[in-house]
Amino acid sequence: MDDLRYEAPGTLEAAVALLAGEKGEARVMAGGTDVLVLLHGDIIEPDLLVDIKNIPELNGITQENGGWRVGAATNCMDIVDHQEFSAAWPGVIDGVKLIGSIQVKGRASIGGNLANASPGADTVPAIMAAGATATVFGPKGQREVPVEDIAIAPGKTSLAKGEIIVSFFFPPRPPHSGGAYLRFTPRTEMDIAVVGVGIDLTLDDGGTCQAARVVLGAVAARALLVDEAAATLIGTAVDDDALANLAAAASAACRPIDDKRGTKEFRVKVAAVLARRTALIALQRAKQS
Amino acid sequence: MAKNHITTTINGDEYEFLCDTEQTLLDCLRDELFMTGTKEGCASGDCGACNVMLDGQLVCSCLVLGVEADGKSVETIEGMAHGDKLHPLQQKFLELNGLQCGICTPGILIAAKALLDRNPDPTETEIRYWLAGNLCRCTGYDKVVRSVQAAAEEMRKG
Ligand SMILES: Cc1cc2nc3c(=O)[nH]c(=O)nc-3n(C[C@@H](O)[C@@H](O)[C@H](O)COP(=O)(O)OP(=O)(O)OC[C@H]3O[C@@H](n4cnc5c(N)ncnc54)[C@H](O)[C@@H]3O)c2cc1C
Ligand code: FES
Ligand code: FES
């Protein structure tokens, strides 16, 4: 077996040069909570690990143009502990808090959660519902990508060889905006979502929903941004009728598989229940903000 | 190919060791430095037996590479007592039977200390959530939680 090499470059340019220049298989590593499990399980056999945690642009949470920029490798504990960001984006925090245990959150990043491309990843529906964009840097330079365009199938992303997710931009938030993420799991902690729902909405001064984004996780090969479900809320006061329509639209959008965690039928039903509950929490938060 | 040469601070002292890239920090602590207080339960991030502090952050050392410790500061269970004087958490685990076989105990102690360092007066719920990533197959969690509560009380008295 060839020796596995490890590099921890301090700049984006150096990281991309290493990734693009590697003849064998190169792997990006952030917190390693997926990469090291795969490596030690002999599921991946890279020749080079490029640890991107030391690159300044990938770390930290800062205000930018009225919104927030979060480095893709920022660990989840740092995100949860950031009070201003948490207050602005409680739905994202719902998802981040659900990742593993405290000791896993001390390493796991949202960039890795997205790039690992698991359909059940807990932060992805919330970040998609937030309307965040990812800044991606690679051999051909930098581009801005809607988060929903990154993970495309289990374990597969749209990132080209050598490309790294640098950071996420969460746009400025109008007043009366709120978000939430809920998942269904057999256990409350340390389990993988059978269904996850992220919803973000904005109300006008009279309490009518002006904008909404509804995302379903774990019910298809990738998290789904469901415009039909968002449309059931827009223009309503998110009342019982709207919630019933939302629930139906959420079920209709599911394209789940049967597995040990749940049958198709169960997932379709739970998606409706969770969509309704998630919308009510998002509504409450929007009213309070 | 040559092994990686790592210099790291463990419990305040500088250490050097050689390791392969695949080796986890847990492997390095136990097999290269013979500091066997840190335990392996699952090697996949699920059980918390391998918990250490890495630059002040609670982590599973089975999900950290040894090479990542280069230039960093690591705290392990070996650094918890001061000579013969046990840390209040260790003392309370002994007094209140917070352990049986003890495999999970170093990890639980490190995790509990990380909690009390940031929150000296956690509620029972906060303790249970914080320790959700630390599995114990024999004691049952109740005595563990009681021991942490008792230690917290003692530490608040100063
Ligand atoms: C015990 C345990 C429990 C867990 N529980 C949950 C859970 O409940 N819910 C959940 O969603 N997840 C859970 N996870 C998985 C979660 O920890 C990971 O998905 C994590 O978020 C990945 O982040 P990381 O920084 O550790 O990524 P890594 O493991 O370093 O990388 C993951 C993947 O993304 C790539 N990558 C990483 N960063 C970037 C980047 N910036 N640009 C491009 N590619 C990148 C890597 O090449 C790799 O393919 C759990 C993991 C463990 C070990
Ligand atoms: S041995 Fe590291 S978490 Fe179980
Ligand atoms: S005391 Fe035996 S596993 Fe916890």
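No experiment lies behind these values; they were computed from the predicted model shown. Per chain, numbering begins at 1; letters A, B, ... match sequence-line order.
Note: B:Val67 leads B:Val67, B:Asn134, B:Leu115 in heavy-atom pairs under 4.5 Å with chain A.
A distance of 11.5 Å separates CZ in A:Arg5 from CG in B:Asn4, rounded to the nearest 0.5 Å. Interatomic distance, B:Arg118 CZ to A:Ile102 CD1, rounded to the nearest 0.5 Å: 7.0 Å. Distance check: A:Leu36 CG to B:Thr24 OG1 gives 8.5 Å after rounding to the nearest 0.5 Å. With values rounded to the nearest 0.5 angstrom, B:Leu63 atom CG is found 11.0 Å from A:Leu39 atom CG.
The shortest non-hydrogen separation linking A:Gln103 to B:Gly48 is NE2-CA, 4.3 Å. Minimum heavy-atom separation, A:Ser101 to B:Gly133: CB-CA, 3.4 Å.
Counting non-hydrogen atoms of other residues, nucleotides and ligands closer than 6.0 Å to NZ of A:Lys161 gives a total above 12. A:Arg277 CZ: 12 or fewer foreign heavy atoms inside a 6.0 Å radius. Within a 6.0 Å radius of CD in A:Gln83, no more than 12 heavy atoms belonging to other residues, nucleotides or ligands are found.
Heavy-atom distances place no part of B:Leu131 under 4.5 Å from chain A, backbone and side chain included. Contacts between A:Asp81 and chain B at a heavy-atom distance below 4.5 Å involve the side chain alone, from C-beta outward.
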Determine whether A:Leu4 and B:Asp20 satisfy the following criterion, side-chain contact (heavy atoms from CB on, under 4.5 Å), listing intermediate values before the conclusion.
CA-CA 8 Å; A:Leu4 171 65; B:Asp20 293 324; over 6 Å; no
Give the intermediate values and the outcome of side-chain contact (heavy atoms from CB on, under 4.5 Å) for residues A:Asp51 and B:Leu65.
CA-CA 10 Å; A:Asp51 184 341; B:Leu65 291 173; over 6 Å; no
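A:His40 contributes a side-chain N or O that, together with a main-chain N or O of B:Glu22, makes up a donor-acceptor pair within less than 3.5 Å.
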